[in-house]
Amino acid sequence: MPELPEVETIARGVDERLRGDRVVEVWFGGHTEPFATAPAKQVEGLEGREILGVRRVGKHIVCTLGEGGKPRAEWIVHLGMTGRLLVTTPEGPVAAHTHARLTLVSGREMRFVDPRRFGRLALRDLSQEAGFVAAGAEPLTITADDFLRVFRGRKLAIKAALLNQTLLSGVGNIYADESLFRAGIRPRRMAGRLKRAELERLREALQLVLRKAIELGGSSVSDYVDADGVKGFFQLEHRVYMRTGEACLVCGEPIRRIALAGRGTHYCPVCQR
DNA sequence: CATTTCACCTGGTGGC
DNA sequence: TGCCACCAGGTGAAAT
């Protein structure tokens with residue numbers, strides 16, 4: 001489900017609602033896949049702690065837990081393809097595939113739901129480990145020079161490069177396709193062969209699309225919802241993603257779909273060179 | 001090393 | 001209706 005704008009929307013929503021709240025009790029479901037850190041260690045880091053803040057790092061949601069205002073641990077949630085992080089009341093019906101429930105002093109509850117179980121939950125004990133940092137550059141604020149540097153010499157398709165989280169952290173399939181369309185660049189072009197002007201167009205298109213998507217609460221293609229269960233609206237602004245065979249909104253040519261880097265990739269053969 | 005492919009899961013859709 | 005193939009917002013391990 002979630003790329004940078006969706007994760008940002010959820011992180012902001014959880015931060016607004018739960019900052020200053022305190023974890024009373026943690027419940028975990030029986031599936032093992034979501035646990036990148038042993039459940040017992042996660043319980044230890046969470047229970048009794050105050051939520052000092054919640055932020056997005058790449059596609060990860062980082063909840064800082066502490067005592068007396070001092071950070072002691074980070075609970076890191078990655079939503080995979082179908083993960084949801086919801087703030088609810090304990091009485092609300094529990095959705096299928098709920099893997100974690102955190103009851104809070106305020107009487108609310110935070111839930112992690114993920115049908116496909118590609119999502120991951122981890123805990124970093126800040127007395128033993130450093131805080132979580134992204135592997136790649138931040139797409140929203142990367143400078144023109146750094147953007148050029150990221151792709152220089154790369155012998156892979158620009159679409160594949162955009163999806164590589166160690167280069168940029170946060171771009172996924174929707175926003176890769178949408179930014180390449182707006183920059184007029186074919187997804188298969190080799191990253192290292194793009195001209196300076198093309199890469200600058202791409203950076204501007206990417207940042208525009210990401211900012212606009214955050215404003216609209218993300219893209220709800222099938223089942224994405226924010227921390228309150230509310231859908232986003234950026235899917236109404238998609239120009240190529242999941243529009244295979246439909247007319248290009250600029251030139252009328254049918255939008256094409258190819259497989260690239262194992263992902264469905266959508267582009268206009270006329271507008272993108 | 002850099003790059004590519006595929007397995008990991010459930011659920012929805014569309015063809016027969 | 002049932003069955004099956006294929007597809008889906010991601011990523012890491014294995015292969016090349």
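Sequence lines set the chain letters: A, B, ... in the order given, protein chains first and strands last, and positions in each chain run from 1.
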E16(A) vs R12(A), salt bridge (Lys or Arg N to Asp or Glu O under 4.0 Å): CA-CA, chis, key distance, verdict: CA-CA 6 Å; E16(A) 276 173 29; R12(A) 286 183 190 178; over 6 Å; no
With the side chain defined as heavy atoms from C-beta on, N173(A) is closest, among dG10(C), dA8(C), dG11(B), to dG10(C)
Separation of the P atoms in dT11(C) and dG12(B), to the nearest angstrom
23 Å
Separation of dC6(C) atom C1' from M242(A) atom CE, nearest Å, is 12 Å
Problem set entry | Test log, rule side chain to side chain contact (heavy atoms under 4.5 Å, CB included), inputs L163(A) and R263(A) | CA-CA 10 Å; L163(A) 294 178; R263(A) 317 297 304 279; 3.9 Å; yes
Would you please say whether a donor-acceptor pair under 3.5 Å links the side chains of D125(A) and S127(A)?
yes
Polar atoms only, N or O, under 3.5 Å: list the protein pairs with nucleotides 13-16 of chain B and their distances.
none

Of the listed dG11(B), dA8(C), dG10(C), the closest approach to the P2(A) side chain comes from dG10(C)
Could you tell me whether Y175(A) contacts a base, only the sugar-phosphate backbone, or nothing, with contacts defined as non-hydrogen atoms closer than 4.0 Å? nothing
Check: Below 4.0 angstrom, N of the basic side chain to O of the carboxylate: do E74(A) and R55(A) qualify?
Finding: yes
Whole-Å distance, L79(A) CG to dT11(C) P, equals 10 Å
Does the side chain of Q165(A) get closer than 4.0 angstrom to OP1 or OP2 of dT11(C) through an N or O atom?
yes
Taken to the nearest whole Å, OH/Y224(A) to C1'/dG10(C) is 16 Å
Only one of R56(A), K59(A), R211(A) passes salt bridge (Lys or Arg N to Asp or Glu O under 4.0 Å) with E8(A), and that residue is R56(A)
Of V77(A), V62(A), I61(A), T64(A), the one forming a side-chain contact (heavy atoms from CB on, under 4.5 Å) with V54(A) is I61(A)
Original post:
H78(A) side chain N/O closer than 4.0 Å to the phosphate oxygens (OP1, OP2) of dT11(C)?
Top reply: yes
Q: Determine, step by step, whether E204(A) and R201(A) satisfy the salt bridge (Lys or Arg N to Asp or Glu O under 4.0 Å) criterion, reporting the C-alpha distance in whole Å, the side-chain angles of both residues, the deciding distance to 0.1 Å, and the verdict.
A: CA-CA 5 Å; E204(A) 285 169 8; R201(A) 284 211 313 273; over 6 Å; no
_What contact category does G264(A) fall into here, base, sugar-phosphate, or nothing, at under 4.0 angstrom with non-hydrogen atoms?_
sugar-phosphate
_Once you apply a heavy-atom cut-off of 4.0 Å, does T166(A) come out as touching a base, just sugar-phosphate, or nothing?_
nothing
I10(A) atom CD1 is separated from dG10(C) atom P, nearest whole Å, by 13 Å
DNA chain C in dot-bracket form (Watson-Crick or G-U pairs under 3.5 Å, [ ] crossing, | inter-strand) is .|||||||.|||||||
Does a donor on one side chain and an acceptor on the other come within less than 3.5 Å for Y175(A) and E6(A)? yes
**OP:** Could you tell me whether the side chain of S220(A) and the main chain of G232(A) form a donor-acceptor pair under 3.5 Å?
**Re:** yes
Rounded to whole Å, CG of L168(A) lies from C1' of dG10(C) at a distance of 16 Å
*Using modelled atom types only, decide if a donor and an acceptor are shared between the side chain of R120(A) and the backbone of E33(A) within a distance under 3.5 Å.*
yes
For a quick check under 3.5 Å, do D114(A) and H97(A) share a side-chain donor-acceptor pair by atom type? no
Per-nt protein contacts along nucleotides 2-9 of chain B (heavy atom under 4.0 Å; B base, S backbone sugar-phosphate only, - none) come out as -SS---BB
Would you say the side-chain atoms of S106(A) and D21(A) include a donor-acceptor pair closer than 3.5 Å?
yes
Separation of dA8(C) atom P from L260(A) atom CG, nearest Å, is 13 Å
